[in-house]
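The first residue of the sequence shown is numbered 1, and numbering continues consecutively from there. We count ligands from 1, going down the list as the structure has it; atoms in each ligand are counted the same way.
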Amino acid sequence: MKSLSLPLVLALSSFAVPALADDDLVARGAYLASIMDCTGCHTGRTADGMPDPDQFLTGATVGFEMPGLGIFWPPNLTSDATGLGDWSDAEVATAIRTGERPDGRILAPIMPWMSYASLSDDDVAALVAYLRTLPPTPNDVPGPIASGNEAVLPYFAFVVPE
Ligand code: HEC
């Protein structure tokens with residue numbers, strides 16, 4: 001049997017490999033999003049407080065008050081315009097690892113970007129690739145507010161005993 005020439009084999013394998021690699025990347029991103037609890041914070045909840053599959057990573061319905069910083073609701077991570085739709089992949093990766101949003105604001109540390117700072121390039125790429133597979137879902141989560149301002153959604157408060 002005549003064997004394929006080496007350049008042809010290379011051309012065929014470079015055609016076949018990226019599709020497999022993309023699947024692997026997305027699967028790894030899904031795994032990381034689960035164990036790094038992106039899902040726990042950025043998923044909406046039903047009235048009885050359970051994570052709602054219909055609001056999977058579309059932004060939280062419960063926020064966090066950080067003393068001295070304000071109240072923060074985990075935003076929509078889908079690629080709708082109310083989520084990360086207008087962000088480049090590099091901007092999403094930068095926010096995850098450095099806390100810096102495209103507008104220059106540094107995310108509150110309740111978003112654990114300080115812990116995520118040491119993510120490898122491959123792992124942050126996997127997370128972004130996975131987020132891009134989520135169905136774009138409109139959900140305009142309220143931006144941060146100063147403590148004491150009227151909140152439109154519930155939030156966890158940090159109480160210091162007297
Ligand atoms: C403990 C809760 C928590 C966890 C866990 C968490 N986040 Fe967040 N995240 C937040 C909060 C709260 C904000 C908003 C902070 C702010 O506005 O300053 C945020 C903001 C973001 C932003 C910026 C979005 C925007 O519109 O400004 C991105 C991107 C993001 N998170 C991705 C992730 C990913 C990916 C993971 C998992 C690897 C993750 N987050 C895990 C709470 C969390």
Side-chain angles (χ1 to χ4, degrees), residues 21-160:
D22 284 355
D23 286 352
D24 290 350
L25 200 65
V26 169
R28 175 145 185 91
Y31 164 74
L32 291 172
S34 161
I35 62 166
M36 293 166 74
D37 210 22
C38 323
T39 48
C41 278
H42 285 268
T43 293
R45 289 173 186 270
T46 56
D48 59 0
M50 298 306 287
D52 180 357
D54 290 338
Q55 301 180 66
F56 187 69
L57 289 174
T58 65
T61 38
V62 182
F64 300 88
E65 180 174 28
M66 301 210 69
L69 287 179
I71 308 170
F72 303 86
W73 285 271
N76 183 352
L77 298 186
T78 75
S79 291
D80 181 72
T82 56
L84 302 175
D86 295 334
W87 297 33
S88 69
D89 289 356
E91 287 171 337
V92 178
T94 298
I96 294 170
R97 285 201 294 201
T98 72
E100 186 174 356
R101 285 169 37 101
D103 64 6
R105 182 169 74 80
I106 302 298
L107 297 167
I110 187 70
M111 158 64 194
W113 56 266
M114 292 181 194
S115 309
Y116 301 159
S118 45
L119 270 174
S120 69
D121 291 349
D122 285 352
D123 283 347
V124 82
L127 277 169
V128 175
Y130 169 63
L131 293 179
R132 294 309 194 195
T133 66
L134 300 171
T137 308
N139 185 28
D140 211 355
V141 172
I145 59 172
S147 294
N149 283 10
E150 196 179 334
V152 292
L153 286 177
Y155 59 89
F156 293 107
F158 183 88
V159 178
V160 182

Engineer: In the protein, what heavy atom is nearest to atom 20 (C) of ligand 1, and what distance, to one decimal place, separates them?
Structural biologist: Pro75 CD, 3.5 Å
Engineer: Using a 4.0 Å cutoff against the non-hydrogen atoms of Ile96, which atoms of ligand 1 qualify?
Structural biologist: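 Within the 4.0 Å cut-off of Ile96, ligand 1 contributes 35 (C).
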Engineer: So which protein heavy atom does atom 27 (O) of ligand 1 come closest to, and at what separation?
Structural biologist: Arg101 NH1, 2.7 Å
Engineer: Scan Thr82, Asp140, Thr58 and name whichever one has a side-chain hydrogen bond (donor to acceptor under 3.5 Å, both in side chains) with Asn76.
Structural biologist: Thr82
Engineer: Would Asp122 and Arg28 count as a side-chain contact (heavy atoms from CB on, under 4.5 Å) here? Give the steps.
Structural biologist: CA-CA 10 Å; Asp122 285 352; Arg28 175 145 185 91; over 6 Å; no
Engineer: Of all the atoms in ligand 1, which lie at a distance below 4.0 Å from a heavy atom belonging to Met36?
Structural biologist: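 Listed by number with element: 5 (C), 38 (C).
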Engineer: Minimum heavy-atom separation for Asp121 and Arg97, please, with both atom names.
Structural biologist: OD1-NH1, 3.0 Å
Engineer: Please name the residue in the list Asp37, Leu57, Leu131 that meets the side-chain contact (heavy atoms from CB on, under 4.5 Å) test with His42.
Structural biologist: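 With His42 as partner, Asp37, Leu57, Leu131 yield a single side-chain contact (heavy atoms from CB on, under 4.5 Å), made by Leu57.
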Engineer: Which heavy atom of the protein is the closest neighbour of atom 41 (C) of ligand 1, given with residue, atom name and distance?
Structural biologist: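 For this ligand atom, the closest protein heavy atom is Tyr116 OH, 3.4 Å.
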Engineer: Can you list the atoms of ligand 1 that are under 4.0 Å from a heavy atom of Leu77?
Structural biologist: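 So the atoms of ligand 1 that pass are 28 (C), 29 (C), 30 (C), 32 (C), 33 (C).
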Engineer: Which atoms form the tightest heavy-atom contact between Pro74 and Gly63, and what is the distance?
Structural biologist: CD-CA, 4.3 Å
Engineer: Within the 4.0 Å heavy-atom shell around Asp37, which atoms of ligand 1 are there?
Structural biologist: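 Counting from 1, the qualifying ligand atoms are 5 (C).
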Engineer: Would a distance-only check, ignoring hydrogens and angles, find a side-chain to backbone donor-acceptor pair under 3.5 Å from Thr78 to Thr137?
Structural biologist: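 Indeed, once roles are kept as given, a pair shorter than 3.5 Å links the two residues.
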Engineer: Do the side chain of Tyr130 and the main chain of Leu32 share a donor and acceptor less than 3.5 angstrom apart?
Structural biologist: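 No; zero donor-acceptor contacts below 3.5 Å.
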Engineer: Identify the protein heavy atom lying closest to atom 15 (C) of ligand 1, giving its residue, its atom name and the separation to 0.1 Å.
Structural biologist: Leu107 CD2, 3.8 Å
Engineer: Between ligand 1 and Trp87, can you find any atom pair, the residue atom being a heavy atom, that is separated by under 4.0 Å?
Structural biologist: yes
Engineer: What residues form a side-chain hydrogen bond (donor to acceptor under 3.5 Å, both in side chains) with Thr46, not counting sequence neighbours?
Structural biologist: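 Asp48.
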Engineer: Among all protein heavy atoms, pick out the one at the shortest distance from atom 36 (C) of ligand 1; state its residue, atom name and that distance to 0.1 Å.
Structural biologist: Cys38 SG, 2.8 Å
Engineer: Is there any N or O on Pro112 that sits under 3.5 Å from an N or O of ligand 1?
Structural biologist: no
Engineer: For atom 2 (C) of ligand 1, what is the closest protein heavy atom, and at what distance to 0.1 Å?
Structural biologist: Cys41 SG, 2.0 Å
Engineer: Under 3.5 Å, N or O to N or O, is Trp73 touching ligand 1 that way?
Structural biologist: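 No, Trp73 has no N/O under 3.5 Å of an N/O on ligand 1.
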Engineer: Under 4.0 Å, heavy atoms only, figure out whether ligand 1 is touched by the backbone of Tyr155, its side chain, both or neither.
Structural biologist: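 Answer for Tyr155: neither.
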Engineer: If you have a sec, work out which protein heavy atom is nearest atom 17 (O) of ligand 1 and how many Å separate them, to one decimal?
Structural biologist: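 Its nearest protein heavy-atom neighbour is Arg105 NH2, 2.7 Å.
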Engineer: If the cut-off is 4.0 Å to any non-hydrogen atom of Ala108, which atoms of ligand 1 fall inside it?
Structural biologist: 16 (C), 18 (O)
Engineer: With atom 8 (Fe) of ligand 1 at the centre, find the angle made by NE2 from His42 and SD from Met111, to 10°.
Structural biologist: 180°
Engineer: Run the side-chain contact (heavy atoms from CB on, under 4.5 Å) test against Thr61 and tell me which residues pass, sequence neighbours left out.
Structural biologist: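 Scan of Thr61 (side-chain contact (heavy atoms from CB on, under 4.5 Å), adjacent residues dropped) gives Arg45, Gln55.
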Engineer: Kindly state whether the ring of Phe64 and the ring of Phe72 have centres lying under 6.0 angstrom apart.
Structural biologist: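 So the answer is no for these two rings.
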Engineer: What's the verdict on side-chain contact (heavy atoms from CB on, under 4.5 Å) for Trp113 and Thr94, showing C-alpha distance, side-chain angles and the deciding distance?
Structural biologist: CA-CA 9 Å; Trp113 56 266; Thr94 298; over 6 Å; no
Engineer: Have a look at Ile35, Leu127, Leu57, Ile110 and point out the one with the heavy atom closest to atom 12 (C) of ligand 1.
Structural biologist: Ile110
